[in-house]
Amino acid sequence: MPDLNPPHEVLTEVEVLAAADVLVAAFRATDTEAYFRCFAPDATFVFHTEPRRLEDRAAYEELWAGWIADGWRVTDCISSAPRVQVFGTTAVFTHHVRTTTSVGGASETTSERETIVFRRAGSSIEAVHEHLGPAPEDTTEESAA
């Protein structure tokens with residue numbers, strides 16, 4: 001049987017962690033262009049704060065633009081307890097994320113768990129799905145195994 005994932009195309013944990021770091025840093029800086037460059041145009045998004053799935057990057061960009069227009073910005077974002085599962089040219093990245101945002105001078109901090117699915121796209125790595133959910137207050141990010 002032929003190798004369907006030649007070694008030069010298989011993602012590595014190091015590559016996925018680096019891609020996640022770029023994505024989180026752009027989010028933390030509220031750097032719209034850099035942040036959305038991390039996502040494939042056909043990426044989907046499931047956020048517990050939204051009533052329905054966002055079917056592509058453009059839908060999320062529209063939502064984001066509305067937040068920015070309202071004065072929203074990220075003032076801090078801390079990613080912890082990362083885990084990467086590599087499946088050839090795709091990988092699942094999970095982590096705990098503590099985000100502080102500001103709108104009109106009022107700050108809010110949220111604690112959430114996030115899953116981001118990455119894929120290799122030529123010489124780059126892009127996110128193709130993001131799922132964000134609230135973290136229970138007593139969350140410990142240790143493995144349950």
Side-chain angles (χ1 to χ4, degrees), residues 4-5 8-145:
L4 299 178
N5 292 308
H8 67 281
E9 292 185 12
V10 172
L11 285 172
T12 67
E13 182 176 344
V14 170
E15 289 176 305
V16 174
L17 289 171
D21 284 348
V22 168
L23 189 151
V24 170
F27 181 79
R28 181 184 304 114
T30 320
D31 184 338
T32 300
E33 288 183 34
Y35 180 61
F36 284 104
R37 269 197 312 268
C38 296
F39 295 98
D42 60 345
T44 55
F45 305 86
V46 176
F47 301 139
H48 65 99
T49 55
E50 294 303 313
R52 61 186 98 2
R53 179 181 55 233
L54 303 173
E55 296 295 342
D56 56 27
R57 184 179 69 199
Y60 184 16
E61 287 178 293
E62 184 178 331
L63 180 65
W64 177 281
W67 296 339
I68 296 292
D70 290 343
W72 176 90
R73 67 185 180 92
V74 179
T75 59
D76 195 21
C77 183
I78 300 167
S79 170
S80 62
R83 180 168 189 226
V84 175
Q85 297 168 275
V86 176
F87 303 99
T89 59
T90 338
V92 176
F93 170 79
T94 55
H95 66 145
H96 181 265
V97 63
R98 186 172 178 81
T99 304
T100 303
T101 57
S102 175
V103 179
S107 290
E108 178 183 14
T109 300
T110 57
S111 182
E112 296 160 310
R113 290 186 285 192
E114 182 174 49
T115 299
I116 303 171
V117 178
F118 288 96
R119 72 175 172 207
R120 181 171 303 287
S123 62
S124 65
I125 299 168
E126 59 189 8
V128 295
H129 179 74
E130 180 179 349
H131 186 187
L132 188 65
E137 286 187 34
D138 63 349
T139 297
T140 57
E141 292 300 329
E142 298 297 321
S143 173

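The first residue in the sequence is number 1, and the count goes up from there. Quick note: numbers below take in every heavy atom, side chains included, and nothing from hydrogens, waters or symmetry partners.
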Can you find a pair of side-chain heavy atoms, one from Thr90 and one from Val117, that are under 4.5 Å apart? yes
Which pairs would a plain distance check flag for residues 41-51, meaning a side-chain donor or acceptor within less than 3.5 Å of a matching protein atom at least two apart in sequence or in another chain?
residue: Asp42; atom: OD1; partner: Arg119; partner atom: NH2; Å: 3.1
residue: Thr44; atom: OG1; partner: His129; partner atom: ND1; Å: 2.6
residue: His48; atom: NE2; partner: Glu112; partner atom: OE2; Å: 2.7

Tell me the closest heavy-atom pair linking Phe87 and Val92, and the distance in Å. CE1-CG2, 4.0 Å
Once you round to the nearest 0.5 Å, how far does SG of Cys77 lie from CZ of Arg98? 11.0 Å
Spacing of Ile125 atom CD1 and Thr12 atom OG1 [to the nearest 0.5 Å]: 6.5 Å
Taking all non-hydrogen atoms of both residues, which atom of Thr30 and which atom of Val74 are closest, and how far apart? OG1-N, 2.9 Å
Are the side chain of Arg120 and the backbone N or O of Thr89 linked by a donor-acceptor pair below 3.5 Å? no
How many angstroms lie between CZ in Phe27 and OG1 in Thr101, if you round to the nearest 0.5 Å? 7.5 Å
For Arg83, which residues count as a salt bridge (charged side-chain N to carboxylate O under 4.0 Å, His left out) partner, sequence neighbours excluded? none
Would you mind reporting whether Thr110 and Pro134 have side-chain heavy atoms less than 4.5 Å apart? no
Minimum heavy-atom separation for Arg57 to Phe39, with atom names? NH1-O, 2.6 Å
Can you name the ring-ring contact (aromatic ring centres under 6.0 Å, His included) partners of Phe93, sequence neighbours left out? His95
Check side-chain hydrogen bond (donor to acceptor under 3.5 Å, both in side chains) between Thr75 and all other residues, then give those that pass, not counting sequence neighbours. none
Kindly state each residue pair satisfying side chain to side chain donor-acceptor pair (under 3.5 Å) with at least one member in residues 58-73, sequence neighbours excluded. Thr32-Trp64, Tyr35-Tyr60
Out of curiosity, Asp76 CG to Ser102 OG, how far, rounded to the nearest 0.5 Å? 12.5 Å
Go through it in stages, so that I can follow the logic: the residues are Val97 and Leu132, the test is side-chain contact (heavy atoms from CB on, under 4.5 Å), and I'd like the CA-CA distance, side-chain angles, deciding distance and then a yes or no. CA-CA 9 Å; Val97 63; Leu132 188 65; 4.1 Å; yes
Can you see whether Thr100 engages Thr109 through a side-chain donor-acceptor pair at a distance of less than 3.5 angstrom? yes
Pairs satisfying salt bridge (Lys or Arg N to Asp or Glu O under 4.0 Å), at least one member in residues 18-33, at least two apart: none
